[in-house]
Participant: 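Quick one: the structure is below, and I'll ask about it shortly.
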Number of protein chains: 2
Amino acid sequence: MVTACSTGLHGPHDVFNPDCPCRDLLDLIANKWSALVIGALEPGPMRFGELRSRLNGVSSKVLTATLRRLEEAALIDREVFAEVPPRVEYTLTDLGHSAAVPLAALRTWAEGALDHELSRR
Amino acid sequence: MVTACSTGLHGPHDVFNPDCPCRDLLDLIANKWSALVIGALEPGPMRFGELRSRLNGVSSKVLTATLRRLEEAALIDREVFAEVPPRVEYTLTDLGHSAAVPLAALRTWAEGALDHELSRR
DNA sequence: CGGGATCCCATATGATACTG
DNA sequence: CAGTATCATATGGGATCCCG
C-alpha cells in the first residue's frame with residue numbers, strides 16, 4: 001500500500017500534494033503538446049514525421065522531448081526499425097490509451113469553449 | 001458562422017490547426033497550474049492567499065500570471081474588495097465550471113495512473 | 001531522406017526580496 | 001494581504017548540422 005503522498009483528502013494520491021509523484025504525471029499530460037500527441041496516436045501507431053506534420057506547428061526538438069517524456073512515463077512505446085531511410089514508430093500503451101480519454105475531453109472542451117467565448121462578444 | 005480555422009475534420013474548430021484560436025485555449029488549460037487552480041476554485045470563491053496555500057508549491061508570481069490569463073479568457077472572475085487588509089476573491093465563471101469537468105478527469109487520471117505505474121514494477 | 005542532436009535565443013517558471 | 005521587482009534557471013522554439 002502506498003500512502004506516503006496522501007493528504008487523506010482525495011484518496012491515496014493527491015495532485016494537490018507537491019510531494020506526490022502523481023503531480024509529475026499531471027504536469028506531464030497537462031501540456032498542449034502531450035495532449036495533441038496522445039490524441040494523434042489514438043487511432044494507431046505513427047511515425048515521427050507524420051506525427052510532426054499532423055501536429056502542425058511543433059519543432060522536431062520539442063516533439064522529440066515530448067515523446068521521450070511520454071515514453072519514460074510508459075504512455076507510449078517507441079519502436080525503431082533498422083531500415084533505410086530510418087523508420088521510428090510511436091504507439092500508445094494501455095496506460096496511454098487510458099490518458100487519451102480525459103485528454104480528448106479537454107480538446108473537445110477547447111473547441112467548444114471557443115464558440116462560448118465568441119458568442120460572449 | 002466561424003469557419004476560418006476549421007480543417008473540416010473535427011467540426012468548426014480544430015485544435016490540430018495551429019491557426020485556430022481554440023488551440024490557445026487548449027494551451028491555457030492544458031497546464032498544471034491552471035488544472036489545479038480551476039480544481040481548487042470549483043467548490044466556491046477563494047482568496048489569493050488561500051488559493052496559494054492550497055496549491056502548495058506555486059510562487060505568487062506564477063499564480064498571479066495564471067490567474068490573469070484565466071481571467072482574460074473569462075474562466076474566472078476577479079473581485080477586489082476595498083478593505084484593509086485588502087481582499088481579492090476569485091470565482092469560476094460558467095465557462096470556468098465547464099472547464100472544471102474535463103480537468104477533474106485529468107487530475108483523477110493522474111492520481112489513478114500512479115497505481116498503474118507502480119504495479120508495473 | 002528521416003530522425004534526431006546541437007547551438008542559440010525568447011519566453012516561462014521559480015526563489016527571494018520588498019511594497020501599497 | 002495581495003501582489004510587484006529582481007535575479008537565476010528551466011523550458012520552448014527556430015535554424016542548422018549530422019549520421020545511417
Side-chain angles (χ1 to χ4, degrees), chain A residues 15-20 23-38 40-41 45-73 76-91, chain B residues 15-20 23-38 40-41 44-73 75-91:
Chain A
V15 290
F16 285 97
N17 180 347
D19 299 323
C20 180
R23 185 140 169 175
D24 297 330
L25 232 47
L26 178 65
D27 200 19
L28 173 67
I29 64 163
N31 167 281
K32 179 178 61 176
W33 294 129
S34 294
L36 292 175
V37 164
I38 292 177
L41 287 180
M46 200 175 292
R47 308 179 52 166
F48 184 90
E50 192 184 353
L51 204 45
R52 179 153 148 63
S53 65
R54 291 228 187 189
L55 264 44
N56 227 341
V58 69
S59 69
S60 62
K61 176 185 155 186
V62 171
L63 180 55
T64 300
T66 301
L67 290 167
R68 290 286 196 279
R69 270 182 284 130
L70 291 174
E71 187 193 2
E72 194 186 341
I76 62 174
D77 277 330
R78 178 175 184 268
E79 191 173 5
V80 184
F81 297 87
E83 302 175 0
V84 178
R87 195 173 100 215
V88 181
E89 278 198 352
Y90 295 91
T91 314
Chain B
V15 289
F16 285 96
N17 180 346
D19 299 323
C20 181
R23 185 140 170 175
D24 296 330
L25 232 45
L26 178 65
D27 200 18
L28 174 66
I29 65 163
N31 167 281
K32 178 178 62 174
W33 294 130
S34 294
L36 292 175
V37 164
I38 292 177
L41 287 180
M46 201 174 292
R47 307 178 54 165
F48 184 90
E50 192 183 352
L51 205 45
R52 179 154 149 62
S53 64
R54 290 228 187 188
L55 264 45
N56 228 344
V58 69
S59 69
S60 60
K61 176 183 154 185
V62 171
L63 179 55
T64 299
T66 301
L67 290 167
R68 291 287 197 281
R69 270 182 285 129
L70 291 174
E71 187 193 1
E72 193 186 343
L75 292 180
I76 62 175
D77 277 330
R78 178 175 183 269
E79 189 172 6
V80 183
F81 296 87
E83 301 175 3
V84 179
R87 193 172 104 221
V88 181
E89 278 199 352
Y90 294 92
T91 313

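The chains referred to below are lettered A, B, ... by the order of the sequence lines, with proteins before strands, and numbering in each begins at 1.
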Participant: Angle, rounded to 10°, between the helical axes spanning five pairs at each terminus of the helix from dC1(C)-dG20(D) to dG20(C)-dC1(D)?
Facilitator: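 About 30°, once rounded to a multiple of 10°.
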Participant: Under 4.0 Å: is that the gap between some side-chain N or O of Y90(A) and OP1 or OP2 of dG3(C)?
Facilitator: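 False: Y90(A) side-chain N/O out of range (4.0 Å or more) of dG3(C) OP1/OP2.
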Participant: Does F81(B) reach the side chain of V88(B), with side-chain heavy atoms less than 4.5 Å apart?
Facilitator: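 Side chain of F81(B) against side chain of V88(B), heavy atoms only: no contact under 4.5 Å found.
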Participant: Is there side-chain contact between L28(B) and E72(B), with heavy atoms separated by less than 4.5 Å?
Facilitator: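 They are not in side-chain contact.
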Participant: Indicate, with a heavy-atom threshold strictly under 4.0 Å, whether V84(A) touches base, sugar-phosphate, or nothing.
Facilitator: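 The residue V84(A) makes no contact with any strand.
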Participant: Applying side chain to side chain contact (heavy atoms under 4.5 Å, CB included) to L67(A) and F48(A), what does each step give before you reach the verdict?
Facilitator: CA-CA 9 Å; L67(A) 290 167; F48(A) 184 90; 3.9 Å; yes
Participant: Walk me through whether V58(A) and L36(A) qualify under side chain to side chain contact (heavy atoms under 4.5 Å, CB included).
Facilitator: CA-CA 10 Å; V58(A) 69; L36(A) 292 175; over 6 Å; no
Participant: Return the value, rounded to whole Å, for the distance between atom CZ of R54(A) and atom P of dG2(C).
Facilitator: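 Value for this atom pair: 16 Å.
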Participant: Given atom CZ of R47(A) and atom C1' of dG4(C), what is their separation to the nearest angstrom?
Facilitator: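 Interatomic distance, CZ of R47(A) to C1' of dG4(C): 14 Å.
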Participant: Rounded to the Å, how far apart are E83(A) CD and dC19(D) P?
Facilitator: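 Spelled out: CD on E83(A) to P on dC19(D) is 22 Å.
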Participant: I need the CG-C1' distance between L67(A) and dA5(C), as an integer number of Å.
Facilitator: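 The answer, rounded to whole Å, is 15 Å.
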Participant: Write down the distance between CG (L63(B)) and C1' (dC1(D)), rounded to a whole number of angstrom.
Facilitator: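 Roughly 13 Å, once rounded to whole Å.
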Participant: Take atom CZ in R54(A); do more than 12 heavy atoms of anything else shown fall under 6.0 Å from it?
Facilitator: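 12 or below, so no.
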Participant: In whole angstrom, give the distance that lies between atom CG of D27(B) and atom P of dT11(D).
Facilitator: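 So the CG-P distance, D27(B) to dT11(D), works out to 16 Å.
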Participant: Is any side-chain nitrogen or oxygen of R68(B) closer than 4.0 Å to OP1 or OP2 of dT4(D)?
Facilitator: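 Yes, R68(B) has a side-chain N/O under 4.0 Å of OP1/OP2 on dT4(D).
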Participant: Can you find a heavy atom in the side chain of L25(A) that is under 4.5 Å from one in the side chain of V15(A)?
Facilitator: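 When only atoms from C-beta onward are counted, V15(A) and L25(A) do not touch, as no gap falls below 4.5 Å.
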Participant: Rounded to whole Å, please give me the gap between CG in D24(A) and C1' in dT11(D).
Facilitator: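 To the nearest whole Å, that distance equals 15 Å.
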Participant: What is the distance, to the nearest angstrom, from the CZ atom on F48(A) to the C1' atom on dG3(C)?
Facilitator: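 So the two atoms are 6 Å apart, to the nearest Å.
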Participant: Is a side-chain donor or acceptor of R47(B) paired with a backbone partner of E89(B) at a separation under 3.5 angstrom?
Facilitator: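 It does not hold such a pair.
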Participant: Under 4.0 Å between a side-chain N or O of R78(A) and OP1 or OP2 of dG4(C)?
Facilitator: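 Answer is yes, contact under 4.0 Å.
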Participant: Is there side-chain contact between L41(A) and L51(A), with at least one heavy-atom pair below 4.5 Å?
Facilitator: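 Yes, at least one pair of side-chain atoms sits under 4.5 Å.
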Participant: Contact class for F81(A) (heavy atom, under 4.0 Å): base, sugar-phosphate, or nothing?
Facilitator: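 Answer is nothing: F81(A) stays at 4.0 Å or more from every strand.
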Participant: Quick one, give me the B/S/- string for nucleotides 9-20 of chain C, reading 5' to 3', where B means a protein heavy atom under 4.0 Å from the base and S means that only happens at the primed atoms, P, OP1 or OP2.
Facilitator: ----BBB----B
Participant: Do the side chains of D19(B) and N56(A) get nearer than 4.5 Å, heavy atoms only?
Facilitator: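 They are not in contact (no side-chain heavy atoms under 4.5 Å apart), so the answer is no.
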